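Here is the structure we will look at, set down as structure tokens.
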Amino acid sequence: MIVQVLQKTQTIVRYQRHNGEIYYGVAEDDEIVQLSSDFTEIVNDELKYDGSRVRYSDVKILEPVVPSKIVNFGWTYAEHAKETGGKANLKEPFLFLKPASSIIPDHGEIILPSRDLTKQVEMEGEVALIIGKRGKNIKEEEALEYVFGCTIFNDVTARDLTKADPQFTRGKGFDTFGPLGPCIVKGVDPTNLKIVTTLNGKIVQEGNTNQMSLSIPFLISWISQVMTLEPGDVLATGSPSGSRPMKSGDTVVVEVEQIGKLCNYVK
């Protein structure tokens, strides 16, 4: 007899109250149960409830983590690799990093650089992993044990620059080019999550992490051979096909099942 155990999900948010204080909390419907725990305590399941409850609509939702690094795996979806001039079905991912200065929260503004710098800025909706414990040379079969939870990432890209430069730092690294959030959800399987990106309400990207040409456990193990993963690090797993240019006034929403929606406004 096979007994299936369903793991209960938990939604963690980081937010700022009107007094300027920043907290973590557990989201429950339209309320947040406030924690006095810091991120290190939270990833170790040391949840200290301080007795306060706040309405989700009464606080400013922030980026869910302050990472030591944002690791991006490129061309992990074959069709997206083809549409952006990459190579499909690589044996190893195309790797790049984003600076922490690129991160903005849910409902933050994506600021387009001067047209003297780039004329083609596009969205890339992705599932992002939040690392929960320090890891180096992680075995593939143990890789998911290092994932604290999942969130949503928009890998905003100056496509004309990534096609022109020998590496992706400039085209990926502008301020505001890393929308992240709105929450971290524990207990979901990152290997089977549907991703839908809309631009002004129209679906432009639709995919599932089960379509990736490189598995998530492989990616975690692979990058841990290169660099030590620290709690709070963000691993962006790549984007399905359908990336489109954005212009000032646009609204882009990346929705991932079981996690929620990441909405940002283009300025």
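All values derive from a computational prediction rather than experimental measurement. Any value given below was found using the heavy atoms of this structure, including those in side chains, with hydrogens, waters and symmetry copies removed.
In the hydrophobic cluster analysis, where Ile, Leu, Val, Met, Phe, Trp and Tyr join through side-chain heavy atoms closer than 4.5 angstrom, I12 is grouped together with F153. I22 and V54 are assigned to two separate hydrophobic clusters, defined by single-linkage of ILVMFWY side chains at heavy-atom distances under 4.5 Å. Following chains of ILVMFWY side-chain contacts shorter than 4.5 Å, one cannot reach L62 starting from Y56, and the two form parts of different hydrophobic clusters. One hydrophobic cluster, built from ILVMFWY side chains closer than 4.5 Å, holds both L35 and I130. Both M212 and L235 are assigned to one and the same hydrophobic cluster, defined by single-linkage of ILVMFWY side chains at heavy-atom distances under 4.5 Å.
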Under the side-chain contact (heavy atoms from CB on, under 4.5 Å) criterion, do L47 and Q10 qualify, and how do the steps go? CA-CA 12 Å; L47 301 186; Q10 188 175 56; 3.6 Å; yes
In sequence, state the C-alpha distance, the side-chain angles, and the governing distance for R159 and E83, and then conclude on salt bridge (Lys or Arg N to Asp or Glu O under 4.0 Å). CA-CA 11 Å; R159 189 73 65 202; E83 74 180 1; 5.8 Å; no
Would you sort out whether V185 and C150 count as a side-chain contact (heavy atoms from CB on, under 4.5 Å), showing the intermediate values? CA-CA 5 Å; V185 180; C150 298; 5.6 Å; no
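Put simply, the side chain of N154 reaches to within 4.5 Å of the side chain of I110, judged on heavy atoms. A 4.5 Å side-chain heavy-atom check between W75 and N89 finds every atom pair outside the cut-off. Side chains of V266 and L112 form a contact here, defined as non-hydrogen atoms less than 4.5 Å apart. For the pair M246/L199, a side-chain contact is recorded, criterion being any heavy-atom separation below 4.5 Å from C-beta on. Side-chain contact check for K202 versus N200: every heavy-atom pair is 4.5 Å or farther apart. Taking 4.5 Å as the limit, some side-chain heavy atom of L180 sits within range of a side-chain heavy atom of P64. A heavy-atom distance below 4.5 Å is found between the side chains of V65 and I184. Put simply, the side chain of S243 reaches to within 4.5 Å of the side chain of H80, judged on heavy atoms.
Checked against the 6.0 Å centroid criterion, the rings of F168 and F94 qualify as a close aromatic pair.
In this structure, the separation between CG on N192 and CG on N210 is 4.5 Å, given to the nearest 0.5 Å. The structure places CD1 of I103 at 6.0 Å from CD of E63, a figure rounded to the nearest 0.5 Å. Remark: L219 CG to I223 CD1 distance equals 9.0 Å, nearest 0.5 Å. Considering CZ of R170 and NZ of K172, their distance stands at 14.0 Å, rounded to 0.5 Å. Distance CZ/R14 to OH/Y23: 13.5 Å, rounded to 0.5 Å. Interatomic distance, S36 OG to Y49 OH, rounded to the nearest 0.5 Å: 11.0 Å.
Remark: side-chain polar atoms of N44 are not paired, donor with acceptor, to backbone N or O of E46 under 3.5 angstrom. H107 places no side-chain N or O within 3.5 Å of a backbone atom of I61 that could act as its donor or acceptor partner. Proximity of a side-chain donor or acceptor of S213 to a complementary backbone N or O of T76 within less than 3.5 Å is detected. The closest donor-acceptor contact from the side chain of T9 to the backbone of K186 lies at 3.5 Å or more, if one exists at all. Counting only distance, with no hydrogens or angles, the side chain of S102 and the backbone of P99 share a donor-acceptor pair below 3.5 Å. A donor-acceptor pair under 3.5 Å links the side-chain atoms of Q167 to the main chain of T169, judged by distance alone. Under the 3.5 Å distance criterion, the side-chain polar atoms of K98 are matched with a main-chain donor or acceptor of F177. The backbone N or O of I32 lies less than 3.5 Å from no partner atom in the side chain of E28, so there is not a single donor-acceptor pair. Put simply, the side chain of T157 gets close to the backbone of D155: a donor and an acceptor are under 3.5 Å apart.
No more than 12 heavy atoms of other residues, nucleotides or ligands lie within 6.0 Å of CG in D29, so this atom counts as exposed by the packing criterion.
With sequence neighbours excluded, no residue forms a ring-ring contact (aromatic ring centres under 6.0 Å, His included) with Y77.
The heavy-atom pair separating Y15 from G25 by the smallest distance is CE2-N, 3.7 Å. Scanning both residues, E126 and A236, for their nearest heavy atoms gives OE1-CB, 3.2 Å. Shortest non-hydrogen contact noted between L193 and T209 is N-OG1, 2.8 Å. A pairwise comparison of heavy atoms in G171 and L161 identifies CA-CB, 3.9 Å as the closest pair. Nearest heavy-atom pair, T191 versus N208, reported as atom, atom and distance to 0.1 Å: O-OD1, 4.4 Å.
Side-chain contact, K48 with S37: no donor N or O sits under 3.5 Å from an acceptor N or O. For the residue pair E41 and Y24, no side-chain donor N or O sits within less than 3.5 Å of a side-chain acceptor on the partner. In summary, the side chains of D160 and T118 do present a donor paired with an acceptor at a separation below 3.5 Å, with no hydrogens or angles considered.
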Could you pull out every donor-acceptor pair under 3.5 Å between side chains of residues 255-264 and any protein atom, sequence neighbours left out?
residue	atom	partner	partner atom	Å
E257	OE2	K194	N	2.8
N264	ND2	P105	O	2.9
N264	ND2	G108	O	3.1

Would you list the atom pairs, donor with acceptor, under 3.5 Å between side chains in residues 131-148 and any protein atom, with sequence neighbours excluded?
residue	atom	partner	partner atom	Å
R134	NE	E230	OE1	3.3
R134	NE	E230	OE2	3.0
K136	NZ	Q225	O	3.2

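A salt bridge is absent between E122 and R244; no separation between the charged side-chain nitrogens and carboxylate oxygens falls under 4.0 Å. Taking a cutoff of 4.0 Å between a charged side-chain nitrogen and a carboxylate oxygen, D106 and K60 do not qualify as a salt bridge.
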